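Reading through the structure tokens given below for one structure.
This structure is a prediction, so every number in the text was calculated from the model and none was measured. The chains referred to below are lettered A, B, ... by the order of the sequence lines, with proteins before strands, and numbering in each begins at 1. Excluded from the calculations below are hydrogen atoms, water molecules and symmetry mates; all remaining heavy atoms, backbone and side chain alike, are included.
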Amino acid sequence: AWEPGGLPQGEAKSLWGLESDCEGPESIRDTRGGDQTTALPFSPCPSAALSQVSYARPSSASIRDANLYVSGLPKSMSQKEMEQLFSQYGRIITSRILVDQVTGVSRGVGFIRFDKRIEAEEAIKGLNGQKPLGAAEPITVKFANNPSQKTGQALLTQLYQSSARRYAGPLHHQTQRFRLDNLLNMAYGVKSPLSLIARFSPIAIDGMSGLAGVGLSGGAAGAGWCIFVYNLSPEADESVLWQLFGPFGAVTNVKVIRDFTTNKCKGFGFVTMTNYDEAAMAIASLNGYRLGERVLQVSFKTSKQHKA
DNA sequence: TATTATT
């Protein structure tokens, strides 16, 4: 029987075929448009506009591992455009583009599930490393990782980190009360020392031309200067980035890049800062900074592909 | 692990 919030767990498992290559509710989407899909006249989930129930696709070797992970997509590319790009290689069962939860803008990352594994293989051959029609950067196309293949330890670590992050951001934002310009103002009576830096910045000299290829990210809400931080320890987490960069000004986002399977930091991360002057000051101050046993390398993010 | 992103 239907209950608010969905099917009883045991029935959902057998109905959706969680043991197969499909994962839970995705399987419902998998057969959207198929001839055995039934739309319900009501919604078992209060937030859902429409629910659909259908037979799961039979599990077989030919459709297993047909799910692709795509990164480096142009932020402007829609899900439909991504499907058009991949549809030349086979029948697409489902697709998704991940978006920023706050701004709604594309994160440049998506998924494509083909009907057949062979189609996915051909799509990798044909599209991995290719630039989609007039895009500045090539995309990466590979088989998607399956969350269920994560180790229990990695899952625990991620659970811990996701709950710790909820506090790390706002907490360390408070350090911005001690912004560098305010500190210097108090210490030296300088009205706005950062404006002195601005006078000698590439912006002041020749506008934006000196900054081609560095990390000014576009988009109205997501705008900011992206900073690359290298030589983080395998145990580094987001809080260290907040602590390091927060005192220099407005930090809107930090990210430690981890191995998806082990959850260990790959040695680098990214920080987005709103203002060029503050980002430049943070880079000048933190590049070469010794964090524990490690010496950090900090710079504006560049496009690896275009580097000379 | 040297310029992200894993539904």
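A straight line from CH2 of A:W225 to C1' of B:dT3 spans 17 Å, rounded to a whole angstrom. The CZ-P distance, from A:R107 to B:dT6, rounds to 5 Å in whole Å. One can place CZ of A:F260 at 17 Å from P of B:dT4, the figure rounded to the nearest angstrom. As rounded to whole Å, 16 Å separates atom P of B:dT3 from atom CG of A:N287. For A:R258 and B:dT6, the CZ to P distance is 10 Å, given to the nearest whole Å. Note: CE (A:M77) to P (B:dA5) measures 18 Å, nearest angstrom. Atom CG of A:D237 is separated from atom P of B:dT4 by 21 Å (rounded to the nearest Å). Regarding A:R113, its CZ atom lies at a distance of 17 Å from the P atom of B:dT6, rounded to whole Å.
Distances from the side chain of A:I257 to the nucleotides B:dT6, B:dT3, B:dA5 place B:dA5 closest. Nearest to the side chain of A:K255, among B:dT4, B:dT1, B:dA2, sits B:dT4. Side-chain atoms of A:L98 lie closest to B:dT6 of the nucleotides B:dT6, B:dT1, B:dT3. With distances taken from any side-chain atom of A:Y230 to the nucleotides B:dT3, B:dA5, B:dA2, the minimum falls on B:dA2. Listed nucleotides: B:dT1, B:dT6, B:dT3. Nearest to the side chain of A:T262: B:dT1. Ranking B:dA2, B:dT6, B:dT4 by closeness to the A:K301 side chain, first place goes to B:dT4. Of the candidates B:dT1, B:dT3, B:dT6, B:dT1 carries the atom nearest the A:D259 side chain, counting heavy atoms from C-beta on. Residue A:C226 has its side chain nearest to B:dT4 when only B:dT4, B:dT3, B:dA5 are considered.
A:K266 has no side-chain polar atom (N or O) that falls below the 4.0 Å cut-off from OP1 or OP2 of B:dA2. The side chain of A:K75 places no N or O atom within less than 4.0 Å of a non-bridging phosphate oxygen (OP1 or OP2) of B:dT4.
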Residues A:N263, A:R258; criterion side-chain hydrogen bond (donor to acceptor under 3.5 Å, both in side chains); working and verdict = CA-CA 5 Å; A:N263 252 11; A:R258 297 181 174 86; 5.4 Å; no
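Under the 4.5 Å side-chain contact rule for hydrophobic residues, A:W242 and A:L296 share a cluster.
Counted by atom type alone, A:S62 and A:R117 present zero donor-acceptor pairs between their side chains at under 3.5 Å.
In this pair, A:F270 does not lay its aromatic ring on the base of B:dT3; centres under 5.5 Å and planes under 30 degrees do not both hold.
Remark: A:K125 engages A:E122 in a salt bridge, criterion side-chain N to carboxylate O under 4.0 Å.
For the side chain to side chain contact (heavy atoms under 4.5 Å, CB included) test with A:L244, the passing option among A:V251, A:L291, A:V271 is A:L291; the others fail.
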